[in-house]
Amino acid sequence: MSSGDFFQDVFEIVRLIPNGRVSTYGAIANALGKIGAARQVGYALNNCPSDVPAHRVLNRKGVLSGKHFFGEERMKELLELEGLKVENDVLVNFEKYFWDPSNEL
DNA sequence: AACGTGACACAGC
DNA sequence: AGCTGTGCCACGT
């Protein structure tokens, strides 16, 4: 498990996501300088410790791809509590709530 | 060390 | 406009 450097980077980015905001795998990967490594971002979130609000990380379409791990209802509830709206596992106004890590870093 | 897999992304049809 | 196929990078076995 020593080879988790990439994971840590992802964790930090996701942890920096402000409340009521969301991000995408590609954006995070891009912020890490690993363009195209979107998959690994999800991979990292798969090991997501409790400190990482992975429910704020969606795919390019704003779809809650990770509902399978958190529980579709669980993730939806968390997002709604953040003031977001989830419709059919898809975040409404996703672009509006989109938070670019590279923009903050 | 190599192959296969994977919470994605983009291009082409 | 929607679907299928391929590519990317890193981890797991």
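Letters A, B, ... mirror the listed sequences (proteins, then strands); counts begin at 1.
- For residues 90-102 of chain A, no pair satisfies side chain to side chain donor-acceptor pair (under 3.5 Å), with sequence neighbours left out.
- Screening residues 9-19 of chain A for salt bridge (charged side-chain N to carboxylate O under 4.0 Å, His left out), with sequence neighbours left out, gives no hits.
- Legend: salt bridge (charged side-chain N to carboxylate O under 4.0 Å, His left out) pairs involving residues 47-62 of chain A, not counting sequence neighbours, sorted by first then second residue: Arg56(A)-Glu82(A).
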Protein within reach of the bases, or only the backbone? For nucleotides 7-13 of chain B, mark each nucleotide 5' to 3' as B, S or -, using heavy atoms under 4.0 Å.
BBSS---

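- Under the side chain to side chain contact (heavy atoms under 4.5 Å, CB included) criterion, Val90(A) pairs with Val63(A), sequence neighbours left out.
- One atom, CG of Asp9(A), and another, P of dC11(C), lie 11 Å apart when rounded to the nearest Å.
- Annotation: ring-ring contact (aromatic ring centres under 6.0 Å, His included) contacts involving residues 20-65 of chain A, sequence neighbours excluded, are absent.
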